[in-house]
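What follows is a single structure, written as structure tokens, with notes after it.
Keep in mind that the numbers below use all heavy atoms, side chains included, and drop hydrogens, waters and symmetry copies.
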Amino acid sequence: GQFENLQKATERLLIVVPLALLLIFVLLLTTFGSVNQALVVYSGIPFAIVGGIFALAMRSMPFSISAGVGFIALLGVAVLNGVVIVSYINTLRSSGRTLHEAVIEGAQTRLRPVLMTALVASLGFVPMAVSSSAGAEVQRPLATVVIGGLITSTILTLFILPTIYEWFEKRSLRSQTADRELACQDLDDEEQNAAQ
């Protein structure tokens, strides 16, 4: 009966995890109103997953249902850190800072809130990760995934996410400039044709 329950739980997890990822992306899209910025924040998810897998491997733990639940919890915190940084960079840009200035200042200013969020979540899971009491076999994988994922996610979010943001926004600005130049050229051509 236990193996059958495990199979059913695994099947449910195969539906829940992609659904959670899709829902996170939709929420990011509605929050920022930009596919580029939603993708930038979403880039924190692979950073978190790598840390969770690495932590499981270091502790020689197999992937289990509780580890899968840990990944879902981890994704929420990883995305939250990205939202904190990107929304602050957007605020700085709307107040008149250049793209590069906003990215640098945003990453520096949001360093403490991102670290505090990750530390509080990680330290809260430490007792579960080292637990050896009854039910620890369920708690340990979940806590291990969250702690390992938060470590890599936080480090990579603080250093790589601002770089990705700047790269995406530069591409977007170049594309908008090219579109404007093309529209101006079309107007000039129409005016010349009308004058002839």
Where do Phe71 and Ile53 land on the side chain to side chain contact (heavy atoms under 4.5 Å, CB included) test, with the steps shown first? CA-CA 9 Å; Phe71 276 111; Ile53 292 170; 3.9 Å; yes
What's the separation between atom [atom1] in [X] and atom [atom2] in [Y], rounded to the nearest 0.5 Å?
X      : Y      : atom1 : atom2 : answer
Glu105 : His100 : CD    : NE2   : 12.0 Å
Ile72  : Leu21  : CD1   : CG    : 8.5 Å
Ser64  : Leu56  : OG    : CG    : 7.5 Å

Ile49 vs Ile45, test: side chain to side chain contact (heavy atoms under 4.5 Å, CB included). Steps then yes/no. CA-CA 6 Å; Ile49 290 173; Ile45 289 177; 3.7 Å; yes
Between [X] and [Y], which heavy-atom pair has the shortest distance, and what is it?
X      : Y      : value
Ala78  : Gly44  : CB-O, 4.0 Å
Leu161 : Gly82  : CD1-CA, 4.1 Å
Leu27  : Thr31  : O-OG1, 2.7 Å
Ser43  : Ile164 : OG-CD1, 3.9 Å
Leu99  : Glu166 : CD2-O, 3.8 Å
Met61  : Pro141 : SD-CA, 3.8 Å

Are [X] and [Y] packed together at the side-chain level, in the sense that at least one heavy-atom pair is separated by less than 4.5 angstrom?
X      : Y      : result
Leu158 : Leu115 : yes
Glu169 : Ile89  : no
Leu28  : Tyr42  : yes
Phe32  : Ser87  : yes
Leu92  : Glu101 : no
Leu142 : Phe125 : yes
Glu11  : Ile15  : no
Thr117 : Thr154 : no

Report the C-alpha distance between Val41 and Ile24 in whole Å, list the side-chain angles of each, state the deciding distance to 0.1 Å, and finish with yes or no for side chain to side chain contact (heavy atoms under 4.5 Å, CB included). CA-CA 10 Å; Val41 174; Ile24 288 170; over 6 Å; no
Counting distance only, does the side-chain N/O of Arg140 pair as donor-acceptor with the main-chain N or O of Arg59 below 3.5 Å? no
Any donor and acceptor pair, going by atom type alone, linking the side chain of Ser172 with main-chain N or O of Phe168 inside 3.5 Å? no
Checking Tyr88 against Thr109 for the side chain to side chain contact (heavy atoms under 4.5 Å, CB included) test, could you report, in this order, the C-alpha distance in whole Å, the side-chain angles of both residues, the deciding distance, and whether it holds? CA-CA 9 Å; Tyr88 190 68; Thr109 306; 3.6 Å; yes
Any link between [X] and [Y] through a network of hydrophobic side chains (Ile, Leu, Val, Met, Phe, Trp, Tyr) touching at under 4.5 Å?
X     : Y      : value
Val17 : Leu23  : no
Val84 : Met116 : no
Phe25 : Leu19  : no
Val83 : Val120 : no
Leu75 : Phe63  : yes

State whether the number of non-hydrogen atoms from other residues, nucleotides or ligands found under 6.0 Å of Phe54 atom CZ is greater than 12. no
Of Leu150, Ile160, Asn81, which meets side chain to side chain contact (heavy atoms under 4.5 Å, CB included) against Phe47? Ile160
